[in-house]
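Numbers here are sequence positions counted from 1. Computed from heavy atoms alone, side chains included, the values below leave out hydrogens, waters and symmetry copies.
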Amino acid sequence: MQICSGSASPYPPSVRRTTVPVLLVGLLTGLLTGLLLPTAASAQVASDEERPVQARDLYRMREVTEVALSPHGRSVAYTVRRLSPGQAPTPRARLYVARTSGRDDPRLLFQDKHDIREPAWHPDGTHLAFVRPVNGTPQVFVIPLNGGVPYRLTDTPHGAQAPQWGPDGERLLFASHVPEPAVRRQTARRPPTERPGRTASDTIRTPPPDTLLVLRHDRTLRPVDTLAVDADGRPQTPTDTTDTLHVPQHSSLPDTLTAPPVRRLATLSSDSLRAVFDRFRLRPDTTTVAVRPDTAAAPDGTLAQVRRWMHQNRRSGTALVSSRLELQGERQLRPTPTYRHHYVVDLPAGIRSGRPPRPTPRLLTGGYRSYGQADWLPGGEQVVVSGMPATNGSPDRVRRRNLYLADLNTPRLRRLLRIENHTLTSPSVTTDGSTVAFRVESLAPSSDAPAEIGLFALDGRSQPRILTSALDRDVTSVTWAPDGWYLYTTAPSEGGRPLFRFTPFAQDTTDGAPQAPSPTLPTDRATSRNTFTFDSTMVRPAEAEQLTSAARAIHSFDVTDATAVYASTDPTTPSALYANTVSFNNERPLATPNAEWLSRRQVATPDRMTVSHDSLAVTGWVTRPVAFADSLRHPLFVQARGGPPALSAPYTPEAWFERQYLTGRGLGLVEGFPRGSAGFGTAFRRANDKNWGPGPARDILALADSAAALSWTDSTRVALGGTGYGGTLTAWILGRTNRFAAAVALNGVYDLPALLGGGRAWRLVPAEFGGYPWDGVPPRSLGDPVLSSRLPSPDSTAQTPWTALHRNSPLTYAHRIRTPLLLMQGGADRRVGPSQGERLYKRLKILDRPVEYVRYPGVGHNMSASASPRQRLDRLVRTYEFLARFLEPPAPPTAPQSPPRP
C-alpha cells in the first residue's frame, strides 16, 4: 500500500483521529479482509477513501438553495438540489424542514424529480407554499407541515412564482410573466410598437357602410319596390316571397316598415324620374347598411390582406418579426415581450381537510409595464411594489423603476416614491408598516456607484435616506428583522459574499439601545411628497457590521429577532445550512448534505494573495494540490475572475467544485480579481473604465508572477483561462504575450463593437466605454488599411469610444495569438451572442493557429444554470484534458486496489 505524503492527510477525519497502534491494526485487518473477501464493493470503498475530488463527484454534490424561517423562528424550511446523470438540465430537488436548535435531524417534507423553489411559511406556521413546475410551467403548491400530498393552488397559464402569504394567511401574492398578447386581452388596448410605417391596427380594416336609395310612399312612408308593376302600371304583389325586398339589417329604418314585393320595371314609360316618382307617389330617401368586415388573409390580396397573411406566418413561427430594442433574451430571441405582473389568490376553505376547487386569481398590476419584487403592508389590503413608470413608447427604453402602492380593492396604482435618475427595486416593509427599505441604483450613463439601500417613511413627510454609502459594496436583497431594528443584506466583498447588518435607527435613540426601537424616519414637512431629486442631504450612512467572513458566500438567508439561518459556500464545503444567534457568536450546522462523500475526499483550501502595483492592491486566491508529495512542483492554471459585475462569480458551488477537481488532478490554481471586479470598492471598480485589456492584464500577470515564484510551482508550465469577462481578458492577454503554454476561454466577448448588436449585455458598451462604436471613428487615410496603426498605444488615455472598443477587443490582436487555445461556447448564449466564439475561432483557423472550438447546444451564458449534468461534467473534464496536453501535470495518486481474484 502506497501512502502519499503531503500537506494534508489522505485519511478521512474518522481515521485521522485514530491512534497509531489502532491504526495499524485497522490497516492490517482491512488488508486481510481484502485478501480473504476481495469483492467489487470493498475495492470501491478502498479506492474512494484516499482520493481527491473526482469528476463524477459532481453527481454527488448537493446544494442548499433557498431558506425560510417559520414565523416563530423555531423551524426552517429549505430546498436541496442535486444533479443526476443524464441530459436534462433541471436538477432533482427536495424540500426539508429542520429545527433551528439543531437537536433533531432534518425531516424530508417533499421531493420531486423537478425543481422545487421558494418555500414560504403560512403565518400560523402550519403550512408551506412552494413552487414546482407542471408540464414545464411553474405553479404554487401548498403542503401541510405534517406532510401529505401538496395541494395545487394555482393553474395560471403563464406560471406562478415568488409566493408571499398575506399577514392574515387568507391570501397569497404571486408573480407571473405574462406575454404581450395576453396583456392585450386583459386590457383591451393595443400594445406599443416601434414598427416603422406600421400601426398596431393596420391589419384590421372595417369597410365603410354602403348607402342605399330607398323609395317611400309619400303618405305612409313605407318602402316601395318599383321593380315590378302590373299591366295597368300598378305595383304587383306576388305570392312568391323569395323576391321580397326586406328592410336592410343594421339600417336606420324601423323594423315595422315592410316592403311590398314588385318584379319588373319593363312597363314603365320613359317619363322623367320626377314624373315616375309623382305617378307612384314616391319619396326618395337614403339609408346605410353595414358591410361585412374584410377578414381574408392572402399574399396577393389588398394591403390589409397581405399584412394579415404575414401575421399568420408570424404566429405560426414561419417568421420571427421584431421591432424591439431588447431583442435578445438570456438563451433565445424574444421578439414578443413579456411583462411581470402580480396576482392575489384567496386561500379556499377546506384546504386543511380536502381538495377544494382551485380559486381564481385576481390581477393586482396590469398593462404593458413590468413589476419587480413586492411586499405586503401589515393590514393585508395593500402591497408595495417596484415597477416601471407608465409610458406611451416601448417599455424596452424605460430603465427607471419607482415604488408604487397597490390596493387590493381598487384597480389603480399610486406612486409611493420616485428619485430622479435612479431606479428603485426590492422593497421591504417593516412589521409595523411605517418604513420601507429598498435598493437604489444610479442611472447615470457611466456611473460606477454601487447599489445602495434607501429608507423611506410611508407617510411621505420626510425625504429618503441613503443608508449604505460607507459600505462601498453592491448590496443585494434587503431583509428586516421582525422588530424593525436590524436591516440585513449581502454584498460581494473581497472575493466572497458576506452577510452584513445595519442598525438604521440607532442614532434616533438617546443611548443607542435596541430595547425601544423607533423604525420611522423623522418628519421634516407637513405634507406628503413622492418625488425627489437626489442630493447629498439624503446620504446618512449607518455603520455596517460584517457578520460572516469574506472567504464565504451567503446565497440565501432569513432572520428573526433571535435567530439567523443561512446557506453558504465556504472553502471546505460547496454548500451547507447554518443557524446562528443574532449576536453571531454561536454558529451551528443544521444541514451538511455533502459531509458524507466529502469525508472520503481530500479538500484543498485556497490561500489569499495580494500584489501591489499601479497604485492598486490586487487580490487573488491560490490553491495548492494536497494529494501529492511536497517535493513535487506543480504547473499553474491562472484564472481571471471578476471584472465587470455579473460576468463571473468565484463563490458558487460550481466554482468550488471546479477548484477541487483541477487541483485534485495536480494543477495549482490561481484565481485573480483584476481591476473592475465588484466587491473591492468604487475606486477599484472605476479603474477599468475604457480599460478592459491593458490594466486588468497587468493585474492578472502580476498575480501569475507572484504565484510562479512559490516553492511548489513550476514557472515554466503556466496556463491561462477564464469565463465570461475572464474569457475576454484571456484572449486579450494571448494577443500581447506568448508566455503561457495553453489557454481556455468560455463564453467571452472577443469583438466588443459586435457586442452592441449581438448580445443582451449590449448596454455594457456605452456604460464601460463612454459611447458607441460609431463615436469618434478616425478618418481613414489612403494607404492605411491596418486597423492597429490608427489605434492609440495601450497606455494612452486619449481615446474615443471607437478607439477604446477596438483597443480592448481581443479580435484586434488575434493575429498575434500563437498559444494553444480551447474556445468553449454556449450555443444559446444570448447574453454576449453565440457568434463571439465563432469570430475568434474562424480568424485563428485562417491564420493556422492552434485552436479548438467546443459548442454546447442549448447552453446559455450561465452554464451551471442552463447546461445538462453531462454537459457540465464534459466542460470540466475537457478543460483538464486540454491543459494536460501542454502542462503535463503529475498523475493523480492511485488508491490501493484489491488483489485479483484467485
Side-chain angles (χ1 to χ4, degrees), residues 173 175 339-342 344 363-393 395 397-444 447 449 451-469 475 477-478 480 484 487 504-505 508 518-540:
L173 178 75
Y339 303 91
R340 190 177 191 266
H341 286 299
H342 290 273
V344 173
L363 183 65
L364 186 62
T365 62
Y368 300 104
R369 309 158 61 180
S370 281
Y371 296 86
Q373 184 175 322
D375 197 16
W376 288 94
L377 264 66
E381 298 295 330
Q382 293 177 311
V383 171
V384 176
V385 62
S386 168
M388 64 173 58
T391 177
N392 293 325
R397 300 186 181 275
V398 181
R399 297 178 59 200
R400 190 175 73 245
R401 299 293 185 269
N402 302 326
L403 297 186
Y404 294 91
L405 195 64
D407 196 312
L408 271 62
N409 300 315
T410 60
R412 189 174 61 89
L413 294 179
R414 179 166 62 89
R415 188 169 69 198
L416 180 64
L417 179 62
R418 168 180 173 174
I419 301 180
E420 298 291 348
N421 206 29
H422 285 74
T423 184
L424 315 180
T425 57
S426 304
S428 180
V429 182
T430 53
T431 306
D432 66 356
S434 63
T435 307
V436 58
F438 54 91
R439 189 172 183 263
V440 55
E441 289 184 90
S442 173
L443 291 176
S447 174
E452 299 178 289
I453 295 177
L455 300 181
F456 186 64
L458 290 176
D459 61 9
R461 289 194 172 97
S462 58
Q463 70 174 1
R465 174 188 173 187
I466 306 303
L467 188 70
T468 58
S469 298
V475 300
S477 58
V478 184
W480 285 103
L487 188 63
F505 304 112
D508 299 334
S518 177
T520 57
L521 298 179
T523 300
D524 57 11
R525 59 176 56 89
T527 59
S528 62
R529 180 180 168 191
N530 61 24
T531 302
F532 297 85
T533 300
F534 188 92
D535 60 51
S536 58
T537 61
M538 295 181 183
V539 181
R540 288 178 288 155

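Side-chain atoms of R465 come within 3.5 Å of backbone atoms of R540 as a donor-acceptor pair (strictly under, hydrogens ignored). W480 contributes a side-chain N or O that, together with a main-chain N or O of S428, makes up a donor-acceptor pair within less than 3.5 Å. Side chain of E441 to main chain of T423: no donor-acceptor pair is present (N/O by atom type, distance under 3.5 Å, no hydrogens or angles). Under the 3.5 Å distance criterion, the side-chain polar atoms of T468 are matched with a main-chain donor or acceptor of I453. With hydrogens and angles ignored, the 3.5 Å screen pairs a side-chain donor or acceptor of R439 with a backbone N or O of V475. In terms of modelled atom types and a separation under 3.5 Å, the side chain of D375 and the main chain of V429 share a donor-acceptor contact. When atom types are taken as modelled, the side chain of T531 and the backbone of R418 share no donor-acceptor pair closer than 3.5 angstrom.
Between T365 and H341, the side chains place a donor N or O and an acceptor N or O closer than 3.5 Å (distance only, hydrogens not considered).
Under the 4.5 Å side-chain criterion, counting only non-hydrogen atoms from C-beta, L364 is in contact with L408.
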Kindly indicate, with the supporting measurements, whether the criterion side-chain contact (heavy atoms from CB on, under 4.5 Å) is fulfilled by V398 and R369.
-> CA-CA 10 Å; V398 181; R369 309 158 61 180; over 6 Å; no

Take W376 and L173 through the side-chain contact (heavy atoms from CB on, under 4.5 Å) test and state the conclusion after the steps.
-> CA-CA 9 Å; W376 288 94; L173 178 75; 3.7 Å; yes

Could you walk me through whether S426 and Q373 pass the side-chain contact (heavy atoms from CB on, under 4.5 Å) test, one step at a time?
-> CA-CA 5 Å; S426 304; Q373 184 175 322; 3.7 Å; yes

CA sep, side-chain torsions, deciding dist, call: L377, L405, side-chain contact (heavy atoms from CB on, under 4.5 Å) | CA-CA 9 Å; L377 264 66; L405 195 64; 4.1 Å; yes

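Outside the 6.0 Å centre-distance limit, the rings of Y371 and H342 are not counted as a close aromatic pair.
Cation-pi contact between R401 and F438: absent, since separation from the ring centre below 6.0 Å together with deviation from the ring axis within 45° is not met.
Considering I466, L467, L455, V440 as possible partners of M538, the one that fulfils the side-chain contact (heavy atoms from CB on, under 4.5 Å) test is I466.
More than 12 heavy atoms of other shown residues, nucleotides or ligands fall within 6.0 angstrom of atom CG in N409.
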